[in-house]
Amino acid sequence: MTSFHVAEEPIKKVAVFGGTHGNELTGVFLVKHWLEDGAEIQRAGLEVKPFISNPRAVKKCSRYIDCDLNRVFDIENLGKNRSEDLPYEVRRAQEINHLFGPKDSEDAYDVIFDLHNTTSNMGCTLILEDSKSDFLIQMFHYIKTSLAPLPCYVYLIEHHSLKYATTRSIAKYPVGIEVGPQPQGVLRADILDQMRKMIKHALDFIQHFNEGKAFPPCAIEVYKIMEKVDYPRNESGDIAACIHPHLQDQDWKPLTPGAPVFLTFDGKTIPLDEGCTVYPVFVNEAAYYEKKEAFAKTTKITLNAGSICSSLH
Amino acid sequence: MCSLPVPREPLHRVAVTGGTHGNEMSGVCLAQHWLRMPRELQRPSFSATPVLANPEATAACRRYVSRDLNRAFTSSFLSHSTRATPEDPYEVKRARELNQLLGPKASGRAFDFILDLHNTTANMGTCLIADSVHNVFTMHLCRHLQLQTPDMPCRVFLYQAPGEETYSINSVAKNGMALELGPQPQGVLRADLLSRMRSLVGAVLDFIELFNQGTAFPAFEMEAYRTVSHVDFPRTEEGDLAGTVHPQLQDRDFEPLQPGAPIFQMFSGKDVHYEGEATVYPVFINEAAYYEKGIAFMQTEKLSFSVPALPALTPAPTPGP
């Protein structure tokens, strides 16, 4: 069978969010810089809007004020009656939904890039929410190819219970960009440079697409979430072990059954309790201690996308 | 060199403090672990007391709640003439409590030694922080730790400016030192740093035990890094960052910085160069907690100096028959 071009609407409205978590400084300062001088992210025929999504958390240099902004873009929170009693981030989510959504509507922005950092050794990571999106699989393929030989991984958070209601999810095409390792509250030049390149290639892709370039079918390797793993804890709920040195910094590397995972404070090694090889991500992320997540297990799969071409031409 | 008096009695009252900054996790977890299981801190002549210095900041996983506890041990906060009020910042109240527990500062009743545990996001490796070269006992302790870890640099940083009042938690005791291990992000516990800090604490206690048992330590030559000045980030008119630490300076703590070398990279892509005339040794490069203090890195000078011998304790006269 010959492949056929799926005609798609050209992209018109794009937003770049920084500071969804106020202490992940790369996105905060890239967006602040682009608000001053946006030449770098402008593309002909495209509206690209830089935006600080959690200004109060940015000012305080903390992840959030009342609750995690990146978990409250569900229909229930977005539909709550406005009141001063709502957590700051829920009120802010409603404002953002008003500005860039409404979620699941025709008026919503086409693409939102949400810029994040992690303390984990994840390098350049793209986060995908929908395994069926030919457009995003094509975009991620383009970004990966453009960044090579610098590796760029794709984390698929599609899951019946583990998927969460992200800030970017109000767009038709939500893209999470996660670069690490970088401590919270620190801005590293090398990480800044990598994230800047990812955004450049992403916007270039959209521009090519809008100009009518046809993208042939492609395939990418993605890491799909399976399960979150908590730290071993004592009776009072305090952690009783840390990530084993053999697992620390080994994000995306195969973790085989029986391999060391935790080291308790009295020196005991706890092995992987799993029948098959998994690929750990978000290993020892600072913000996930309170979410009871020491790392997440993923499985490696391949996603295929059909060819795409904008309907403009 | 004017040396400070060295202890003439065994050190019996020793404290190990963690969580002075609540998001520096190596010390937080060790203090919490030793509060449950203190046996590791016992030596024949003494048992060190584990202390979780800032429990509220630890619970919130933040550096502090109201202000930096490790700058609060000054006479203006601790003295009796300062009336305590319920409105005092949490850390000022806590500093007074700790001064009661471990001090009072500069009194005969104060603890003999406090070892304070810290982490930094900077690539400082193992850094021993002492007040000044005049503290002969602590210099010998630093030397001992350097000899215990020959395969890894173990640098000595002298933080006290001449004439400056001491303000840290360890200044409450008659003698003290801080361990600063990095790089480790705030709120993260790394097994490698945890185990390194644990062995260093053990080596500190071993040194005190040796001293208590009457060991003499000969004079030696020492190298250390002393603060010269602080350098802030380039900033916009509004006070926001206008650039970041240059990739060629990032992670190069304790390495010589030559005049003309790049120190910052502006978001516009331009480089900023070091304009000083002397080679300096930057430390605490890109430490998360220092953004709010207006410090991108500290410039230090490298000192070489002689440390006089630490004489053995003379045994206490035994009661006659």
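Chain naming here is simple, since letters A, B, ... match the order of the sequence lines and numbering starts at 1 in each.
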For [X], is it the side chain, the backbone, both or neither that has a heavy atom under 4.5 Å from a heavy atom of chain B?
X	answer
A:Ile243	backbone
A:Leu192	side chain
A:Gln184	both
A:Asp190	neither
A:Phe265	both
A:Asn234	side chain
A:Asp37	neither

Out of curiosity, B:Leu189 CG to A:Leu263 CG, how far, rounded to the nearest 0.5 Å? 10.0 Å
Distance from B:Glu238 atom CD to A:Glu36 atom CD, nearest 0.5 Å? 6.0 Å
Has [X] got more than 12 heavy atoms of other residues, nucleotides or ligands less than 6.0 Å from its [atom1]?
X	atom1	result
A:Asp266	CG	yes
A:Lys60	NZ	yes
B:Lys293	NZ	yes
B:Glu97	CD	yes
A:Lys291	NZ	yes
A:Lys49	NZ	no

Chain A heavy atoms under 4.5 Å from [X]: which part of the residue, side chain, backbone, both or neither?
X	result
B:Asp192	neither
B:Tyr291	side chain
B:Arg190	both
B:Leu194	side chain
B:Asp251	side chain

Output the option from [options] having the highest count of non-hydrogen pairs under 4.5 Å with chain A.
options	value
B:Val245, B:Asp240, B:Asn23	B:Asp240
B:Thr121, B:Leu241, B:Leu30, B:Thr236	B:Leu241
B:His33, B:Gln265, B:Arg36	B:Arg36

Begin from the C-alpha positions of A:Ser236 and B:Gln32 and carry the test side-chain contact (heavy atoms from CB on, under 4.5 Å) through to its verdict. CA-CA 11 Å; A:Ser236 23; B:Gln32 286 174 332; over 6 Å; no
